[in-house]
Amino acid sequence: MTTVEARSINPDVEAIRHHYEVPNELYRLILGPTMMYSGGYWEDGEDLVTVLDEAQERKLDAFTDLARAAHTDTVLDIGCGWGTMLNRLTTVHGVKKAVGVTLSRTQADFVDALNNPAIEARVESWEDHRLADGQTPYDAAFCINALEHFVLSSLTPKERTQRYRVFFKQVHSLLKPGARFVLHTMTVENPPLRRQLLDDLKFLQREEFEGCHIPRLPELAAGLDGLFEVTEIRNEPESFARACRAWLQLLAARRDEAVTMTDETTVARFERYLDIFAYTLEDHIFNNFRVTLTRRA
């Protein structure tokens, strides 16, 4: 008798690690000291590169305020990257314990090397994260430009919406009633059918972020319905586009060094995908929504 292997419902872990498990030194070269891999908050007239770290810290502080996370006991960061939010919550905003989840082993190693006893990065998926026996639910949670990796693009529209429902149910189960969840995510609706754009989207989907689905806003709305109250929603694609432009400048300034750290193919990949994200956000093909949610009882 032959058996049929169950169809995968999640992006392949190794496909995600393909992007994130290049040397941490390369990411430091591109992202700067803050190691924050999402949009920043620049003020009018500020230089993108000079103020990059400050712009990222402004964003993190704004998110902390929105989540009402300061001086709480425990906070969760889903897709925690290199632990920048975890570290700032505990060193600046008085959070006693901050826990992050990531699929990247190199990111977790980086967080461990920060030697901050108040933070912890676990190599596990959002779906596998559980409260420990006797642990009270989290006081607040974040997911900052990680949701784009959580749902498989080959699923049907109905299946994708169901997967977002599972995600929001999971976050709901981890939070105290009335706690806030701040989500930062790109979305896309109906992109224009231009050949260059289609080629670039195929590159993102097949080569850089294989199998990952950038959500549509109605999918997210259906997923969170009845579980969370939408406290605030704001589209800010320019914040991520500016960050991409700053990262491209930093990479260009030290390109030879970046190639030495990795290879020409890897550096060229990063240049292409950062440019794609920058122009698609600038042209409002991609959105970048900041959504503040309050957990219903």
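In what follows, residues are counted from 1 in the order of the sequence shown.
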request  = Determine, stepwise, if the pair Asp73 / Lys97 fulfils salt bridge (charged side-chain N to carboxylate O under 4.0 Å, His left out).
outcome  = CA-CA 6 Å; Asp73 291 330; Lys97 179 74 174 180; over 6 Å; no
query = In terms of hydrophobic clusters joined by side-chain contacts under 4.5 Å, are Ile233 and Phe168 together?
reply = yes
Within one Ile-Leu-Val-Met-Phe-Trp-Tyr cluster: Val171 and Leu131, side-chain cutoff 4.5 Å = yes
ask   = Out of curiosity, Met186 CE to Ile214 CD1, how far, rounded to the nearest 0.5 Å?
value = 4.5 Å
Euclidean distance, Phe228 CZ relative to Leu220 CG, rounded to 0.5 Å = 12.5 Å
query = Quick one: which of Val99, Val111, Leu86 gives a side-chain contact (heavy atoms from CB on, under 4.5 Å) with Glu120?
reply = Val99
inquiry  = side-chain contact (heavy atoms from CB on, under 4.5 Å), that's the test. Do Leu281 and Arg242 meet it? Break it down for me.
reply    = CA-CA 9 Å; Leu281 288 159; Arg242 289 170 181 167; over 6 Å; no
key: Exercise: do Ser38 and Lys59 side chains pair donor with acceptor under 3.5 Å   = yes
query = Just by distance, do the side chain of Arg130 and the backbone of Glu127 share a donor-acceptor pair under 3.5 Å?
reply = yes
key: Parallel, tilted or perpendicular: ring planes of Trp126 versus Phe150, cut at 30 and 60 degrees   = tilted
Lys/Arg-Asp/Glu bridge criterion (N-O < 4.0 Å) met for Glu264, Arg269 = no
message = How long is the straight-line distance from CD of Glu25 back to OG1 of Thr260, given to the nearest 0.5 Å?
response = 13.0 Å
ask   = Salt bridge between Asp275 and Arg245, side-chain N to carboxylate O under 4.0 Å?
value = yes
request  = Identify the two heavy atoms, one from Leu114 and one from Gly83, that lie closest to each other, and give their separation to 0.1 Å.
outcome  = CD1-O, 4.5 Å
query = Do the side-chain N and O atoms of Glu232 and Thr292 include a donor-acceptor pair separated by under 3.5 angstrom?
reply = yes
request  = Go through the steps to decide whether Leu52 and Trp247 satisfy the test side-chain contact (heavy atoms from CB on, under 4.5 Å), and finish with yes or no.
outcome  = CA-CA 9 Å; Leu52 173 61; Trp247 299 332; 4.0 Å; yes
task = Grab the two heavy atoms, one from Ser239 and one from His184, that are nearest each other, plus how far apart they are.
result = OG-CE1, 4.4 Å
ask   = Are His213 and Glu219 linked by a side-chain donor-acceptor pair shorter than 3.5 Å?
value = yes
inquiry  = If I compare all heavy atoms of Gly39 with all of Ala243, which pair ends up nearest, and what's the gap?
reply    = CA-CB, 4.0 Å
query = Without hydrogens or angle criteria, can the side chains of Thr90 and Asn116 be said to hold a donor-acceptor pair below 3.5 Å?
reply = yes
Side-chain donor-acceptor pair present, Asn288, Asn145, cut-off under 3.5 Å = yes
ask   = Is the shortest distance from a Lys or Arg side-chain nitrogen in Asp200 or Arg272 to a carboxylate oxygen in the other one below 4.0 Å?
value = yes
key: Step-by-step side chain to side chain donor-acceptor pair (under 3.5 Å) determination, Thr294 to Thr231   = CA-CA 6 Å; Thr294 302; Thr231 304; 2.6 Å; yes
message = If I take atom SG from residue Cys143 and atom CG from residue Asp77, how far apart are they, to the nearest 0.5 angstrom?
response = 7.5 Å
remark   = In Asp61, Thr72, Asp65, the residue satisfying side-chain hydrogen bond (donor to acceptor under 3.5 Å, both in side chains) with His93 is Asp61
message = Evaluate Thr187 against Arg216 for side-chain contact (heavy atoms from CB on, under 4.5 Å), listing each step before the verdict.
response = CA-CA 5 Å; Thr187 72; Arg216 298 175 181 270; 5.9 Å; no
key: Asp256 CG: over 12 foreign heavy atoms closer than 6.0 Å   = no
ask   = Is the distance between the ring centroids of Phe270 and Tyr27 less than 6.0 Å?
value = yes
query = Taking atom types as modelled, is there a side-chain donor on Gln170 or His129 under 3.5 Å from an acceptor on the other?
reply = no
key: Step-by-step side chain to side chain donor-acceptor pair (under 3.5 Å) determination, Ser104 to Thr106   = CA-CA 5 Å; Ser104 170; Thr106 53; 3.0 Å; yes
request  = Tell me who clusters with Val75, hydrophobic residues only, linked when side chains sit under 4.5 Å apart either directly or through other members.
outcome  = Met36, Tyr41, Leu60, Phe63, Leu66, Met85, Leu89, Val95, Phe142, Ile144, Val182
ask   = How many angstroms lie between CZ in Arg255 and CG in Leu29, if you round to the nearest 0.5 Å?
value = 11.5 Å
inquiry  = Once side-chain contact (heavy atoms from CB on, under 4.5 Å) is applied, do any residues pair with Glu46, and if so which ones, sequence neighbours excluded?
reply    = Trp42, Glu43, Val51, Arg58
message = Go through it in stages, so that I can follow the logic: the residues are Leu227 and Arg295, the test is side-chain contact (heavy atoms from CB on, under 4.5 Å), and I'd like the CA-CA distance, side-chain angles, deciding distance and then a yes or no.
response = CA-CA 6 Å; Leu227 299 171; Arg295 182 202 189 274; over 6 Å; no
query = Between atom CZ of Arg194 and atom CD1 of Ile285, what is the distance when rounded to the nearest 0.5 Å?
reply = 4.5 Å
message = Parallel, tilted or perpendicular, judged at 30° and 60°: which one describes the rings of Phe181 and Phe167?
response = tilted
request  = Take Glu229 and Arg180 through the salt bridge (charged side-chain N to carboxylate O under 4.0 Å, His left out) test and state the conclusion after the steps.
outcome  = CA-CA 9 Å; Glu229 173 189 341; Arg180 287 191 174 180; over 6 Å; no
query = Is it true that the side chains of Glu159 and Thr156 contain a donor and an acceptor less than 3.5 Å apart?
reply = yes
